[in-house]
Structure formats: C-alpha cells, structure tokens
Q: 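Before anything else, here's the structure in question.
Predicted, not measured: the structure shown is a model, and the values here were computed from it. Both backbone and side-chain heavy atoms feed into the values below; hydrogens, waters and symmetry mates do not.
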Amino acid sequence: MAMSDTDNKAAFDMKSAAATMAAVVTAITDDQLETATPSGGMSVRQLLAHVAGLTEAFRAAATKESIGHSVSPTEVEPELPDDWRTRIPVRLEALVSAWREPSAWEGDTEAGGVLLPAPEMATVALNELVIHAWDLARATGQPYHPDNDDVTLLADWLRATPEEGTPGLFGPVVPVPDTAPTLDRLIGLTGRDPAWSHS
C-alpha cells in the first residue's frame, strides 16, 4: 500500500480488528486447542501462540524499537502462554495504541526480520489480525464479522497477488467468483478456501 511518510490521512485504526480478534480468542475453549485451523495446518494452540507473538512484534514495529532486533517467525517456535486469554487482549490493546501515534506511520520499521515502510507494515499487521481471527473463528465454529472497511482495504492491497501466492506468506490463490462477498475474495487471495470446514 503506497503512502508517503506524511500522508497520515491514509492511516487507519486497528481497534475494530483487534476487538474482533480479542472476542474470538477469549471464546475459545481448552478442548479446542488441538483443533486444526485453515492456516497452513496449524492447530488452534499453535495459531494462538503465533497471534500472541505477532501482537507484540507489530506493537514494537509501531514504536520502532524492533528495528535491528526482530527475527523471522521461522526461527522461533512460540509457546502458548498459560494466561493467553488475558495476555492476547492486553497485547492487542497495546498494538492499537501504538499505531495511533502519528510517529508510528513515519519512515521504515521492522518486524519478523523484514524492513518495510511503516504504512505497509501497518497493513501487514491489519491483515494478520483479520485473517487469523477468521482462521480461529472458522476452526472453533464462531461467527465472524470483521469491519467492512478493513476487509475492503486488505482486498485492494492483495488484489495483485500472483496465482502461485507469496512464498512464506500465502499459499496459491484460491479462485473465488468476482460476485462473492469481499471477505470471501480476501480469504481466497491469502490461499484459503472461504468454504473451509472440518467436515
């Protein structure tokens, strides 16, 4: 997503995506932790551990404290903290607050060992929240109603995704009709089947 360092009109708030993720996370039961998710064969437990880590990583990206210190997610095997039901929502609130600072959108920043313009990093963070909340909701049988503006922004951002996907990020694009809801088209662009289920 192209934005200049001073074009904060294009900045967006992550409150809705974070609140939706928090609601999904806190509704997950212990007996669902080993359930499969649509996210690359990860279990609910593994994906929750990933979410616990990424929320802190993207908060640190907003403050720029991660520059020169972040590592690729493939280099660590995150453990799910025992207090995940409270820790993840707290980290989500911190993430939202950090990206509300105008300085968060200036210059470059780093997360997962990757340096990007701050506005693009923010879009990556938003995508992680929206898509992984869908993964968790679908895996645990919860309703999922993300913010329409967030979904539209991300679908526009990913619309040029090549059919083979983006190595390390998304698998091959799953074809979805142009007439399908925007959320379904976004899910397809991330290499997921919008109709995914356990059955």
Q: Report whether Trp134 and Val174 are members of the same hydrophobic cluster (ILVMFWY, side-chain heavy atoms less than 4.5 Å apart, transitive linking).
A: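 No, because Trp134 and Val174 fall into different hydrophobic clusters, even though each may have its own neighbours under 4.5 Å.
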
Q: Give me the atom names and distance for the closest heavy-atom approach of Thr26 to Ala23.
A: OG1-O, 3.3 Å

Q: Is the shortest side-chain heavy-atom distance between Asp193 and Pro38 below 4.5 Å?
A: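 Contact flag for Asp193/Pro38 side chains = no.
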
Q: So, the side chain of Arg85 versus the backbone of Ile28: is there a donor-acceptor pair under 3.5 Å, distance only?
A: yes

Q: Looking at CG of Leu129 and OG1 of Thr55, how far apart are the two atoms once the value is rounded to the nearest 0.5 Å?
A: 8.0 Å

Q: Indicate yes or no: at least one non-hydrogen side-chain atom of Asp108 is less than 4.5 angstrom from one of Leu116.
A: no

Q: Count the heavy atoms belonging to other residues, nucleotides or ligands that lie under 6.0 Å from CD of Glu34, then report whether that count exceeds 12.
A: yes

Q: Would Leu54 and His132 satisfy side chain to side chain contact (heavy atoms under 4.5 Å, CB included), going step by step from the backbone distance to the final call?
A: CA-CA 11 Å; Leu54 74 85; His132 286 323; 3.8 Å; yes

Q: Measure from the side-chain N and O atoms of Ser66 to the backbone N and O of Glu110, and report whether any donor-acceptor pair falls under 3.5 Å.
A: yes

Q: Out of the candidates Thr140, Thr29, Leu80, only one should pair with Val44 under the side-chain contact (heavy atoms from CB on, under 4.5 Å) rule; please name it.
A: Thr140

Q: Checking the side chain of Tyr144 only, and the main-chain atoms of Val130 only, is there a donor and an acceptor separated by less than 3.5 Å?
A: yes

Q: Identify the heavy atoms of Pro81 and Arg87 that sit nearest to each other, and give their distance.
A: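 Distance-wise, the nearest heavy atoms are CB-CZ, 3.6 Å.
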
Q: Could you tell me which non-hydrogen atom of Ala139 sits nearest to which non-hydrogen atom of Trp196, and how far apart they are?
A: CA-CZ3, 4.0 Å

Q: Do Ser43 and Thr37 have side-chain heavy atoms sitting under 4.5 Å apart?
A: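 No, too far: nothing below the 4.5 Å cut-off.
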
Q: Atom OG1 of Thr86 and atom CG of Asp83: how far apart are they, to the nearest 0.5 Å?
A: 4.5 Å

Q: Is there a side chain to side chain contact (heavy atoms under 4.5 Å, CB included) between Val173 and Thr190? Walk through the geometry before answering.
A: CA-CA 6 Å; Val173 170; Thr190 68; over 6 Å; no

Q: Hey, does Pro143 have a side-chain heavy atom less than 4.5 Å from the side chain of His145?
A: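 Yes. Closest side-chain heavy atoms under 4.5 Å.
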
Q: Short question: side chain of Arg91, backbone of Ile88 - any donor-acceptor pair under 3.5 Å?
A: no

Q: Does any pair with a residue in residues 14-41 pass ring pair (Phe, Tyr, Trp, His ring centres under 6.0 Å), and if so which ones, sequence neighbours excluded?
A: none

Q: Walk me through whether Leu136 and Leu47 qualify under side chain to side chain contact (heavy atoms under 4.5 Å, CB included).
A: CA-CA 8 Å; Leu136 290 168; Leu47 189 51; 3.8 Å; yes

Q: Tell me which pairs pass salt bridge (Lys or Arg N to Asp or Glu O under 4.0 Å) where either residue lies in residues 123-139, with sequence neighbours left out.
A: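 Listed by first then second residue: Asp135-Arg192.
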
Q: Evaluate side chain to side chain contact (heavy atoms under 4.5 Å, CB included) for Phe170 paired with Leu189, printing each intermediate quantity in order.
A: CA-CA 8 Å; Phe170 307 123; Leu189 287 169; over 6 Å; no

Q: Name each donor-acceptor pair under 3.5 Å that joins a side chain in residues 92-102 to protein atoms two or more places apart or in another chain, with its distance.
A:
| residue | atom | partner | partner atom | Å |
| --- | --- | --- | --- | --- |
| Ser97 | OG | Glu93 | O | 3.2 |
| Trp99 | NE1 | Phe58 | O | 3.0 |
| Arg100 | NE | Asp13 | OD2 | 2.5 |
| Arg100 | NH2 | Asp13 | OD1 | 3.3 |
| Arg100 | NH2 | Asp13 | OD2 | 3.2 |

Q: Between Lys64 (side chain) and Ser103 (backbone), is there a donor-acceptor pair under 3.5 Å?
A: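 Pair found, side chain donor or acceptor close to backbone of Ser103.
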
Q: State, with a plain yes or no, whether a side-chain heavy atom of Pro172 is found less than 4.5 Å away from one of Glu164.
A: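 When only atoms from C-beta onward are counted, Glu164 and Pro172 do not touch, as no gap falls below 4.5 Å.
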
Q: Testing the basics here: between Gly41 and Gln46, what is the closest heavy-atom pair and its distance to 0.1 Å?
A: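 Heavy atoms of Gly41 and Gln46 come nearest at O-OE1, 4.2 Å.
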
Q: Would you say that more than 12 heavy atoms from the other residues, nucleotides or ligands in this model lie under 6.0 Å from the NZ of Lys15, or not?
A: no

Q: Does Thr109 use its side chain to pair, donor to acceptor, with the backbone of Ala118 at less than 3.5 Å?
A: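 Pair absent, no side-chain N/O of Thr109 close to backbone of Ala118.
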
Q: Looking at Asp31, I'd like to know if its CG atom is crowded, meaning that more than 12 non-hydrogen atoms belonging to other residues, nucleotides or ligands lie closer than 6.0 Å.
A: yes

Q: What about Val124 and Val114, same hydrophobic cluster or not, with Ile/Leu/Val/Met/Phe/Trp/Tyr joined at side-chain heavy-atom distances under 4.5 Å?
A: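 Linked within one cluster.
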
Q: Could you give the side-chain donor-acceptor pairs of residues 147-155 under 3.5 Å, partners two or more places apart or in another chain?
A:
| residue | atom | partner | partner atom | Å |
| --- | --- | --- | --- | --- |
| Asp147 | OD2 | Asp149 | N | 2.9 |
| Asp147 | OD2 | Asp150 | N | 3.1 |
| Thr152 | OG1 | Asn148 | O | 3.0 |

Q: Which atom pair, heavy atoms only, marks the closest approach of Met14 to Ala122?
A: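 Nearest pair, atom of Met14 first, then Ala122: CE-O, 3.4 Å.
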
Q: Do any N or O atoms from the side chain of Gln142 and from the backbone of Val24 form a donor-acceptor pair under 3.5 angstrom?
A: yes

Q: Excluding sequence neighbours, so at least two apart, what forms salt bridge (charged side-chain N to carboxylate O under 4.0 Å, His left out) with Glu65?
A: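 Residues passing salt bridge (charged side-chain N to carboxylate O under 4.0 Å, His left out) with Glu65: Arg59.
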
Q: Is any side-chain heavy atom of Val176 closer than 4.5 Å to a side-chain heavy atom of Ile187?
A: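 Not in contact.
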
Q: Return the minimal non-hydrogen interatomic distance between Ala61 and Ala111, and the atom names on each side.
A: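 Heavy-atom minimum between the residues: CB-CB, 4.2 Å.
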
Q: Which pairs with one or both residues in residues 16-39 pass ring pair (Phe, Tyr, Trp, His ring centres under 6.0 Å), sequence neighbours excluded?
A: none

